[in-house]
Amino acid sequence: MAAGKGTRLKSKHPKVLHEVGGKPILAHVIATAQKVVPAQDIFVIIGHEAERVREAVAGTGVNFVLQAAQRGTGHALMVAREALLGNGTKYDQVIVLSGDAPLITAETIRKLSDFHTAQKATMTLLSADLDDPYGYGRVLRKGGRVEVQAIVEEKAATPQQKKIREINSGFYAFDVAALYEHVNRLSTENAHGEYYLTDMAAMFHRARKKVVAIKTSDGSEVLGSNTRTEMMVLDARLRLAKCRELLENGVTIFYPHTCVIDSDVEVGADTVIEPFVQLLGSTKIGADCRIRSYSVIGNSVIGDRVTVKPGTIMEDSRVSAGAVIGPYSHLRPGSDVGEGAHVGNFVETKKIKLGKGSKANHLSYLGDAEIGEGVNIGAGTITCNYDGVNKHKTVIEDGVFIGSDSTLVAPVRIGRGAYVAAASCITEDVPADALALGRARQSVKEGWARVKRDTQKEKHR
Ligand code: UD1
Ligand code: CA
């Protein structure tokens, strides 16, 4: 169920697209569901901002059911009748997941489903004991029995019922045929004027059908995200869990509370992550690397034994083994740094290939360039890749030496082993092994400064 608006967030974005652990809440739930059943058997109920939600998770291959007007969790299941029941032979059992509870695990979903089957129940709900059950539906059981009589929502609960710590998690298993035999009898006579799926418990109970609950051993798994505060709690949990996973896999992380590491990030053993590092999106980092403080690395692939010095920003880039990046390098999308290459301070790169062992150590802009192996890019080198309308390419072949403060006006090619003299403005191709000078010749006026000083002294006398 992912059709709700998320009124309590006070947001223009649909609730399930808010991010925790670096990806949409709904993406977490779908990824977990996919560990239990194949994508073609997953139906995501969308409604509020349906197209945005669909687009965000369409890549997973799941199906969608449109709940055009969101009239409650019971109504969400009503609109899924065709998808789940069809002509009556499609599915026996449906597992209902809350699209806003991202910490659920595949193991717990399987337990819920297996318990439902073993109990031959009509409805099985996943419950949890929470220290602070406020806001959740409470589970009413007769004595200590597995059978459930009803679920009562926070707003309708009596002071006595509010003391119950066993809450309804919003995850259920249903017998599909029984669900669709009864679901249309739900009413909207409640605090929100909605069809509550939770009312199915009492309805089945009255019809003498078996309703049971299975409790999670870890209550935090079912935490929902109705408010930004709840999301903050989930985000912190996910990120700390991610750090623990990496630590267990041989990664050192100093002060993990200061690091932001997204759920899908991978890091190799013996890599050290210093405080205040962000590793985002689909970033993959090899073994034996050191990622120093204040680096922000998004959707990038870094090989083994790479050093990323402090303050480096990297997006959609690739860095091969043994390279050294930073401090304060900015690798923009499409940067591909070769084995053992160096990119130093205040060097900005975009859409470039920097060959094996090449160095650009200081204060440069390298964009739309193909740079060979063993190239030395002097301090202050700039590829002039943009003529105001189009982008052009700079090619620098193997073994080239570019003197400091040179501008390379693209399209231009510097041949293998050539030298470009410092402060040159290169507008034409340089052949292999040549020296190119593109600057005015220096002129010297002997004694000029002394004369100037002397005349100034005269004036002041
Ligand atoms: C629901 C349960 C509550 C339980 C809690 C657990 C009901 C009436 N209450 O409350 O007992 O303790 O979950 O987190 O079900 N949705 C739709 N269509 C709708 C309305 C909601 O798809 O018309 C989706 C929402 O996007 C959300 C999920 O269903 O992902 C749950 O809805 P929400 O409004 O968050 O229910 P809660 O108030 O949290
Ligand atoms: Ca909720």
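First listed ligand is number 1; within each ligand, the first listed atom is number 1. Bear in mind the structure is a predicted one, so any value in this text is a computation, not a measurement.
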Residue, atom and distance of the protein heavy atom nearest atom 29 (O) of ligand 1 read Met1 CB, 3.3 Å
May I ask you to check if Lys209 and Phe204 form a cation-pi contact, with NZ or CZ under 6.0 angstrom from the six-membered ring centre and within 45° of the axis?
no
Looking at atom 1 (C) of ligand 1, what's its closest protein heavy atom, distance included?
Glu153 OE1, 4.7 Å
Student check: side-chain heavy atoms of Met1 and Leu77 closer than 4.5 Å:
yes
With side chains defined as the heavy atoms from C-beta onward, is the minimum distance between Val306 and Val324 less than 4.5 Å?
no
If you scan protein heavy atoms around atom 22 (O) of ligand 1, the nearest is Ala3 N, 2.9 Å
Identify which protein N/O/S atoms are less than 3.0 Å from the Ca ion (ligand 2).
Asp100 OD2, Asn226 OD1
Using distance alone, decide if ligand 1 has a nitrogen or oxygen within less than 3.5 Å of any nitrogen or oxygen in Val222.
no
Within ligand 1, which atoms have a heavy atom of Ser169 less than 4.0 Å away?
6 (C), 14 (O)
Check this for me - ligand 1, Val16, N or O atoms closer than 3.5 angstrom, yes or no?
no
Got a salt bridge between Arg141 and Glu166, using NZ or NE/NH1/NH2 to carboxylate O under 4.0 Å?
yes
Under the criterion salt bridge (Lys or Arg N to Asp or Glu O under 4.0 Å), which of Arg165, Arg138, Lys215 is the partner of Asp129?
Lys215
Below 4.0 angstrom, N of the basic side chain to O of the carboxylate: do Arg52 and Glu55 qualify?
no
Does the N or O separation between Gly170 and ligand 1 drop below 3.5 Å for any pair?
no
Does the N or O separation between Thr198 and ligand 1 drop below 3.5 Å for any pair?
no
Below 30° counts as parallel, above 60° as perpendicular, anything between as tilted: where do the rings of Tyr328 and Phe346 land?
parallel
Going by an N to O cut-off under 4.0 Å, is there a salt bridge joining Glu194 and Arg71?
no
Distance below 4.0 Å between atom 6 (C) of ligand 1 and any protein heavy atom?
yes
In ligand 1, the atoms that come under 4.0 Å of a heavy atom of Asn226 are 35 (O), 39 (O)
Quick one: pull up CG in Leu246 and CD1 in Ile253 and give me the separation to the nearest 0.5 Å.
5.0 Å
Starting from atom 28 (C) of ligand 1, locate the nearest protein heavy atom and write down its residue, its atom name and how far away it is, to 0.1 Å.
Ser98 OG, 3.9 Å
Salt bridge or not between Lys393 and Glu370? Use side-chain N to carboxylate O under 4.0 Å.
yes
Of all protein heavy atoms, the one nearest atom 18 (N) of ligand 1 is Gln67 OE1, 2.7 Å
N or O contact, Tyr136 vs ligand 1, cut-off under 3.5 Å
no
For Lys15, which part has a heavy atom under 4.0 Å from ligand 1: side chain, backbone, both, or neither?
side chain
Euclidean distance, Ile325 CD1 relative to Thr349 OG1, rounded to 0.5 Å:
8.0 Å
Identity and separation of the nearest protein heavy atom to atom 37 (P) of ligand 1:
Arg8 NH2, 4.1 Å
Quick check on contacts: which atoms of ligand 1 are under 4.0 angstrom from a heavy atom of Arg71?
23 (O)
Tell me whether Asp368 is salt-bridged to Lys350, with the criterion being a basic N under 4.0 Å from an acidic carboxylate O.
yes
Any idea which of Gly74, Ala101, Ala128, Gly72 brings a heavy atom closest to atom 20 (C) of ligand 1?
Gly72
N or O contact, Tyr172 vs ligand 1, cut-off under 3.5 Å:
no
Charged N to carboxylate O under 4.0 angstrom, Glu107 versus Arg110?
no
Any idea which of Ile25, Leu197, Ile45, Thr73 brings a heavy atom closest to atom 32 (O) of ligand 1?
Thr73
Are Lys23 and Asp262 close enough for a salt bridge, meaning some N to O gap below 4.0 Å?
no
Any idea which part of His75 is under 4.0 Å from ligand 1, heavy-atom wise: side chain, backbone, both or neither?
neither
Going by heavy atoms in the side chains, are Val152 and Ile164 under 4.5 Å from each other?
no
Is there a polar contact, in the sense of an N or O pair closer than 3.5 Å, between Gly137 and ligand 1?
yes
Find out whether Val260 and Leu280 are in side-chain contact, i.e. whether some heavy atom of one side chain is under 4.5 Å from a heavy atom of the other.
yes
Protein residue, atom and distance nearest to atom 25 (C) of ligand 1, heavy-atom basis:
Gly4 N, 3.7 Å
What pairs with His362 under side-chain contact (heavy atoms from CB on, under 4.5 Å), at least two apart in sequence or on another chain?
Asn345, Ala379
